[in-house]
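To find a chain, count down the sequence lines: A is the first, B the second, and so on, and within it residues start at 1.
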There are 2 protein chains.
Amino acid sequence: MAEGSSPSDGLLFLTDEQLRKGIEAMFFAYRGFTSDPDRILEGMDYGRAHHRAVHFIHRSPGTTVGNLLSILGVTKQSLNRVLRTLFDDGLVEARVGKADKRERHLFLTDKGAALERMLSDAQRARMRSAYRAAGPQAVQGFRTVLEAMMDPELRRQYQGLKENGQ
Amino acid sequence: MAEGSSPSDGLLFLTDEQLRKGIEAMFFAYRGFTSDPDRILEGMDYGRAHHRAVHFIHRSPGTTVGNLLSILGVTKQSLNRVLRTLFDDGLVEARVGKADKRERHLFLTDKGAALERMLSDAQRARMRSAYRAAGPQAVQGFRTVLEAMMDPELRRQYQGLKENGQ
DNA sequence: TTGGAATGTCAACAACGCTGACGTAAGTTG
DNA sequence: CAACTTACGTCAGCGTTGTTGACATTCCAA
């Protein structure tokens, strides 16, 4: 039992202990991932939910409420509460759809775009430094594993964003 | 401007667009990451906070309340609410410290261990399938980037867990 | 015209963060 | 021993963000 005691020795990275470390890495990394925007938003009347809305409206200008709902995976009541404050504060603007007048297309105002920039600058700074420290090959692996971890439905959403992402 | 239009051509993985994709990958992957345990816990009177407590008590049996507080990064009031229900339901047990009687050392009961297993089996299954699909090299990169993304303080916690991790 | 889709809104509630304040037991130090 | 500090518990109150359920409006489509 010197070596080769496991089924097929290239599979040591699939041991429960390795998987557990991956789980904990996700937990701690996600904390870091959200901490910079959270810090910026605290004190303003906004939170993580506002950040997400602003992010995806920036990402896909003109997206509809329903589309945003399916990306964010929350109820319309929950999203609506967030959108209302963003309208009221003049960060987001809704234009009635041309083709389908029931739809409301969402856009950031200049003020909204300014907030989005502040938030995403902070978040990108952390990603950039992590990416730089890890190197391109690690980044490739990072993205591969994350994609494999998504629910198929969410993966489609994610990949959909990629394409129309400018 | 055919190729080589960027400062130093190995750095294309640091463009804003690449970073944005990484950010979105974290967002969607984390949703998948938490969804299986969430599904199991819904209906029981527990939530994500209970899962985290149970996870780290399993991981470091005999850990103290204070230690758990620093790992989870929440207030004692918040943690206490969670621990109380776990005590009441007989999932977690506290033993007064021998050396320092102010400390309470936390352990899972059999019932608690059973819940932990159910939750971590589900979560590991997802990780395992993602790891398998991505391959060992990608997994290596995944872990490297996540570690680089953590706050230094949290990274120490994470690495501390690694060592005493069985 | 009738049904369903897209959206808004009111009300109530739950989970889980937070702060502030107070209490108690037990170590530690002067 | 007295005084301070640490580890923990607890009460009360509050904020964000998620949930259901119910109801209204507008408008596309069959």
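Counting only distance, with no hydrogens or angles, the side chain of A/T144 and the backbone of B/A134 share no donor-acceptor pair below 3.5 Å.
By the 30° and 60° cut-offs, the orientation of the rings of A/H50 relative to A/Y46 is tilted.
In this model, a side-chain donor or acceptor of B/Q77 finds a partner on the base of C/dG20 within 3.5 Å.
Residue A/T75 places at least one side-chain N or O under 4.0 Å from the OP1 or OP2 atom of D/dT19. Residue A/H50 has no polar side-chain atom (N or O) positioned under 4.0 Å from OP1 or OP2 of D/dT16. Put simply, A/R52 has a side-chain N or O that comes within less than 4.0 Å of OP1 or OP2 on D/dG18.
When each of A/R102 and A/L83 is assigned the nucleotide of DNA chain C with its nearest heavy atom, A/R102 is the one assigned upstream, toward the 5' end. Ranked by how close their nearest DNA chain D nucleotide is to the 5' end, A/L79 and B/E103 are led by B/E103. Comparing A/K101 and A/R48 along DNA chain D, the residue whose closest nucleotide (by nearest heavy atom) sits nearer the 5' end is A/R48.
Here B/R84 lies in heavy-atom contact (under 4.0 Å) with sugar-phosphate atoms only. Among the atoms of the strands shown, none is found under 4.0 Å from any heavy atom of A/A94. Counting non-hydrogen atoms under 4.0 angstrom, A/R81 reaches a base of the nucleic acid.
Protein atom CZ of A/F87 is 9 Å distant from nucleotide atom P of C/dT9, rounded to whole Å. Between B/N80 atom CG and C/dA15 atom C1' there is a gap of 16 Å when expressed in whole angstrom units. Atoms CG (B/L41) and P (D/dT19) sit 16 Å apart, rounded to a whole Å. The separation between B/H105 atom NE2 and C/dA26 atom C1' is 13 Å, rounded to whole Å. When rounded to the nearest whole Å, the span between CE of A/M44 and P of D/dT17 equals 13 Å. Between A/D38 atom CG and C/dG17 atom C1' there is a gap of 11 Å when expressed in whole angstrom units. Taking atom CD on B/E42 and atom P on C/dC16, their separation rounds to 13 Å, with Å as the unit.
The nucleotide whose nearest atom lies closest to any side-chain atom of A/V65 is, among D/dT10, C/dT7, C/dG17, C/dT7. Across C/dA26, C/dT7, C/dC18, the shortest atom-to-atom separation from the side chain of B/D100 is found for C/dA26. When distances are taken from the side chain of A/K76 to each of C/dT7, D/dT20, C/dC18, the shortest belongs to C/dT7. You'll find that the side chain of B/A49 is closest to C/dG17, out of D/dT10, C/dG17, D/dA22.
Taking the ring centroids of B/F56 and A/F27, they lie under the 6.0 Å cut-off.
Hydrophobic clustering of Ile, Leu, Val, Met, Phe, Trp and Tyr side chains at less than 4.5 Å, counting indirect connections, unites B/I23 with B/M149.
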Could you tabulate the donor-acceptor pairs under 3.5 Å formed by side-chain atoms of residues 69-83 of chain A, not counting sequence neighbours?
from, atom 1, to, atom 2, distance (Å)
A/S70, OG, A/N67, O, 3.1
A/S70, OG, A/Q157, NE2, 3.3
A/T75, OG1, A/S78, N, 3.4

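Looking only at atom types and distance, the side chain of B/Q137 has no donor-acceptor partner in the side chain of A/Q140 under 3.5 Å away.
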